[in-house]
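Okay, so here's the structure we're looking at.
Lettering follows sequence order; numbering is per chain, from 1. What's counted below: heavy atoms across the whole structure, side chains too, no hydrogens, waters or symmetry copies.
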Amino acid sequence: MADDFILQTRDLVKEFKGFTAVDRVNLNVRRGTIHALIGPNGAGKTTVFNLLTKFLQPSRGVIVYNGRDITRSGPAEIAKHGLIRSFQISSVFPHMTALENVRLALQAKHGGSYQFWRPGKVLERHNAKAMELLQAVGLEEFAQVPAVELSYGRKRALEIATTLAMDPELMLLDEPTQGMGTEDVGVITELLRRVAKGRTVLMVEHNLGVVSTLADRITVLQRGAVLAEGSYQEVSTNPEVINAYMGGAHA
Amino acid sequence: MNRWLWIVLIALGLAAPYVLYPVFVMKLLCFALFACAFNLLLGYTGLLSFGHAAFFGGAAYVCGHALKVWGLPTELGILLGAAVGGLLGLVFGSLAIRRQGIYFAMITLALAQIVYFVALKSPFTGGEDGLQGIPRGKLFGVIDLEDSLNMYYFVLAIFLAGFWLIDRIVDSPFGQVLKAIRENEPRALSLGYDVSRFKLAAFVMSATLSGLAGATKAVVFQFASLTDVHWATSGEVILMTLLGGLGTILGPMVGAFTVVSLHSKLSAIGSWVTVIIGITFIVCVLLFRRGFVGELQHLLRGQFGAEPGKPQAGGKPVAVAQPGSGGKH
């Protein structure tokens with residue numbers, strides 16, 4: 001049955017100078033599902049995320065992705081194996097056009113990025129695919145617009161298109177709807193539902209509305225440790241979870 | 001870069017020695033190449049090196065020594081100088097690249113100071129006197145470079161080749177990744193780009209081309225001195241780049257011309273030159289923050305209607321400019 005899990009952690013620990021931010025976390029992300037990581041502020045969600053994506057090195061424990069131990073791999077290396085993350089603050093290349101943003105991901109996937117002697121025109125072979133991806137997120141009209149000029153929601157959509165260009169097996173999304181108005185939240189939720197088909201998604205999310213509509217499985221963290229795990233129905237009725245949310249920050 | 005700009009640039013280069021003193025123009029070209037090489041790193045990769053004089057001056061010494069003592073042909077001596085610049089760049093880069101911002105700048109400065117110390121103490125550099133009497137020799141064993149016009153066109157060819165290469169690197173798939181790293185390093189990393197390797201490659205390229213400029217300068221003046229490896233030269237190349245326009249292809253060239261011209265026109269008034277250059281710099285920073293060329297580009301773009309606007313602190317939806325504003329510099 002272990003093969004059913006695309007990503008697993010075993011007793012993952014991260015300590016910062018005597019403070020334990022992540023305490024023996026065991027995560028099991030099942031292939032083909034949307035898995036949400038929730039918890040009150042300071043529960044260690046983002047730290048777990050940074051550990052999984054290798055932006056931080058764990059103090060102890062093991063991370064297994066697709067049956068490979070990636071505990072000591074670098075962030076660029078795991079990206080090449082199809083584990084792609086997004087960031088809490090929308091993460092685009094601001095002074096490049098939407099098309100160029102997506103093309104950078106296609107370029108990363110198809111190689112040739114060390115070719116300093118070839119003209120930029122060779123990248124145009126990615127244009128059709130890039131336009132297709134922009135279309136998938138509803139940005140085809142904005143292909144030639146620098147990312148910095150896009151609205152917040154569109155930047156998020158662009159980021160998703162860029163992530164999709166890598167054809168990820170596992171997408172890790174760090175608070176995809178953070179800082180958005182209700183309207184944008186709806187649009188992005190719908191978009192995520194669409195792009196998650198045939199992939200696995202692990203997301204950190206504050207918005208419980210989004211979690212309840214999207215997530216197949218939810219892990220609740222509190223003070224760096226797993227408090228509960230299950231479907232939305234199960235965790236939302238769990239008294240410990242209710243207590244953690246009421247006693248902690250308002251989500 | 002635009003074909004017409006190339007034609008104008010080449011035409012100006014060909015005509016210049018008939019209007020201006022050739023040695024002066026050669027100096028302009030050497031520093032322009034140096035600044036363009038530096039801009040490849042600061043403007044297009046976002047790395048501030050404070051040690052580029054080591055590549056410029058180090059190459060000048062090695063090239064001078066190779067021509068004078070080993071009797072190498074001029075063209076090989078210059079290539080050797082560039083190679084030494086690149087090698088030093090590899091050493092500097094490997095040690096500094098994992099550090100960010102000010103720490104990166106400080107490590108490059110410290111390493112450059114070591115090179116300066118070596119230049120000061122080594123017997124082959126001539127210490128305080130510098131390495132004098134470097135022969136210009138004959139190009140490919142045929143063209144006499146003692147003739148200042150021959151020398152000029154040789155230097156122009158080196159400059160244009162170096163500048164073409166930089167223009168190509170900036171435009172290439174590799175250059176696109178460098179820009180991505182400058183724009184958003186964590187994102188580039190998360191897309192699977194080995195950021196450190198790209199930075200190191202850019203650093204070595206920049207150092208090699210700086211070495212090419214330094215070696216050429218040594219042949220032009222038949223002289224390599226401590227000034228070439230001094231930290232003030234590292235500072236000057238930063239100044240040139242910022243003055244002309246960071247991250248623009250022509251900016252560093254304009255900046256280099258401005259600074260070198262100011263130095264030479266004002267040399268009569270002695271040490272006041274530094275004060276005047278300092279004031280020029282302050283005025284420029286206050287009036288045109290994007291540098292001469294950067295500001296000009298901004299104005300031109302404004303005229304075509306697409307208002308690029310300052311980076312917005314996300315949150316508010318931003319009105320969308322019409323497509324077709326390019327996005328290339």
Item to check | Separation between CD of Gln176(B) and CD of Gln107(A), rounded to the nearest 0.5 Å | outcome: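 Taking CD in Gln176(B) and CD in Gln107(A), the distance rounds to 6.5 Å.
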Next on the checklist: Distance check, rounded to the nearest 0.5 Å: Glu183(B) atom CD versus Leu104(A) atom CG?
Outcome noted: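 The distance works out to 9.5 Å.
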Check whether any side-chain heavy atom of [X] sits under 4.5 Å from a side-chain heavy atom of [Y], and report yes or no.
X	Y	value
Ile181(B)	Phe93(A)	no
Ser190(B)	Thr53(A)	no
Ser172(B)	Trp117(A)	no

Go through [options] and name the one with the most non-hydrogen pairs under 4.5 angstrom from chain B.
options	answer
Pro94(A), Ala143(A), Gly74(A), Ser86(A)	Pro94(A)
Ala105(A), Gly153(A), Ser91(A), Pro168(A)	Ser91(A)
Met166(A), Glu159(A), Gln115(A), Arg85(A)	Gln115(A)
Lys80(A), Lys109(A), Arg118(A)	Arg118(A)

Flag yes if more than 12 heavy atoms outside [X] fall under 6.0 Å of its [atom1] atom; otherwise flag no.
X	atom1	answer
Arg197(B)	CZ	no
Leu286(B)	CG	yes
Arg68(A)	CZ	no

Item to check | Part of Glu77(A) lying under 4.5 Å from any heavy atom of chain B | outcome: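 Neither part; nothing is under 4.5 Å.
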Item to check | Side chain / backbone / both / neither for Tyr114(A) at chain B, heavy atoms under 4.5 Å | outcome: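 Answer is both: backbone and side chain atoms of Tyr114(A) are under 4.5 Å from chain B.
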Item to check | Aromatic ring pairing Phe116(A)/Phe174(B), orientation class (parallel under 30°, perpendicular over 60°, tilted between) | outcome: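 Ring orientation, 0 to 90° scale: perpendicular.
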Item to check | Residue among Asp194(B), Asn184(B), Leu178(B) with most heavy-atom pairs under 4.5 Å to chain A | outcome: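 Option with the top pair count is Asn184(B).
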Checklist entry - Is a donor on one side and an acceptor on the other found under 3.5 Å between the side chain of Tyr193(B) and the backbone of Ala76(A)? => result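 No; judged by distance alone, with no hydrogens or angles, the pair does not exist.
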Checklist entry - Between Arg187(B) and Val92(A), is there a donor-acceptor pair closer than 3.5 Å when you use the side chain of the first and the backbone of the second? => result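 Not a single qualifying donor-acceptor pair exists.
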Item to check | Considering all heavy atoms, the nearest Gly120(A)-Asp171(B) contact | outcome: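 Taking every non-hydrogen atom into account, N-OD2, 2.7 Å.
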Item to check | Nearest heavy atoms of Pro173(B) and Pro119(A), plus distance in Å | outcome: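 Answer, listing the atom of Pro173(B) first, then Pro119(A): CD-O, 4.0 Å.
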